[in-house]
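Report on the following structure.
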Amino acid sequence: MLVACTGESGSLPASSGADGVEVMRDVDVGGVTVADVFVGPVVGGAPVVVMFHGTDGDPSTMEPLAREVARTGAVVHVPAWPVIDQVSPYPTNDAEPFQRQVDAVVCSLRFARRTAAEFGGDPNDLTVVGHSGGAMAGGRVAVVD
């Protein structure tokens with residue numbers, strides 16, 4: 001069963017870089033850190049891009065790409081999501097780590113869609129980008145409404 005992904009966004013600490021991209025760090029939903037959000041020069045109805053980092057990385061590894069995409073006019077979410085240690089054997093009788101990962105990815109996509117307009121984005125124009133394990137995790141649920 002997927003988690004409900006309920007709650008409202010918390011405070012949005014923002015900072016701007018020399019590139020004109022505003023970054024809201026550690027956006028949270030119900031006390032859980034969901035994502036960093038990068039917003040460039042959007043006018044409204046901008047595409048929303050959700051970028052999942054790879055298994056060996058963390059959200060900060062996606063920042064250069066997130067800034068560049070936001071600078072071109074998109075709203076970019078870089079979520080925190082639980083990675084699974086790939087050196088351990090595949091859990092034949094315990095799918096819980098995979099379910100937690102799917103839950104987090106689905107919640108990230110729902111959050112991006114639900115809050116798109118707050119950041120100037122179009123909730124119906126959502127693209128998923130992933131690096132390495134993030135591509136597998138994002139691709140697993142990208143077609144889920």
Side-chain angles (χ1 to χ4, degrees), residues 1-88 91 95-145:
M1 168 180 257
L2 294 177
V3 296
C5 305
T6 59
E8 298 300 319
S9 58
S11 60
L12 303 176
S15 64
S16 292
D19 55 4
V21 174
E22 186 175 15
V23 182
M24 278 66 65
R25 299 274 181 203
D26 301 326
V27 175
D28 69 72
V29 173
V32 177
T33 298
V34 176
D36 290 342
V37 180
F38 297 77
V39 181
V42 298
V43 177
V48 177
V49 179
V50 181
M51 295 184 174
F52 294 102
H53 62 81
T55 303
D56 287 339
D58 61 51
S60 67
T61 61
M62 299 301 283
E63 184 163 343
L65 180 58
R67 281 186 171 281
E68 186 60 26
V69 172
R71 191 185 62 72
T72 65
V75 175
V76 181
H77 290 250
V78 180
W81 63 280
V83 297
I84 297 169
D85 183 2
Q86 292 183 337
V87 297
S88 59
E96 193 224 330
F98 293 95
Q99 187 62 53
R100 281 186 293 131
Q101 185 180 68
V102 168
D103 288 348
V105 170
V106 168
C107 282
S108 297
L109 295 173
R110 287 179 178 168
F111 176 77
R113 179 169 278 162
R114 187 175 69 241
T115 62
E118 291 177 39
F119 298 110
D122 178 353
N124 296 312
D125 187 357
L126 187 122
T127 300
V128 177
V129 174
H131 175 259
S132 188
M136 290 191 319
R140 229 182 270 137
V141 298
V143 296
V144 176
D145 185 17

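- The two atoms that bring Val48 and Asp122 nearest to each other are CG2-O, 3.6 Å, heavy atoms only.
- The shortest non-hydrogen separation linking Gly120 to Val75 is C-CG2, 4.2 Å.
- Between His77 and Thr115 the shortest side-chain heavy-atom distance falls below 4.5 Å.
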**OP:** Decide yes or no on side-chain contact (heavy atoms from CB on, under 4.5 Å) for His131 and Thr61, but give the supporting numbers first.
**Re:** CA-CA 10 Å; His131 175 259; Thr61 61; over 6 Å; no
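- For the residue pair Ser132 and Gly54, the shortest heavy atom distance occurs at CB-CA, 4.1 Å.
- Contact detail for Ala46 and Ala74: the closest heavy-atom pair is CB-CA, 4.4 Å.
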**OP:** Let me see the working for Met62 and Asp36 under side-chain contact (heavy atoms from CB on, under 4.5 Å), right down to the final yes or no.
**Re:** CA-CA 10 Å; Met62 299 301 283; Asp36 290 342; over 6 Å; no
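- Val39 approaches Phe119 most closely through the heavy-atom pair CG1-O, 3.7 Å.
- At a threshold of 4.5 Å between non-hydrogen side-chain atoms, the residues Met51 and Val69 count as touching.
- Checking side-chain atoms of Arg113 against main-chain N and O of Pro123 turns up a donor-acceptor pair under 3.5 Å.
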Original post:
Are Glu63 and Val78 close enough, and set up right, to give a side-chain contact (heavy atoms from CB on, under 4.5 Å), and what steps lead you there?
Top reply: CA-CA 8 Å; Glu63 184 163 343; Val78 180; over 6 Å; no
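- Of all non-hydrogen atoms in Pro47 and Gly73, the two that sit nearest each other are CD-O, 3.9 Å.
- Side-chain contact check for Pro79 versus Phe111: every heavy-atom pair is 4.5 Å or farther apart.
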**OP:** Give the intermediate values and the outcome of side-chain contact (heavy atoms from CB on, under 4.5 Å) for residues Arg71 and Phe38.
**Re:** CA-CA 9 Å; Arg71 191 185 62 72; Phe38 297 77; over 6 Å; no
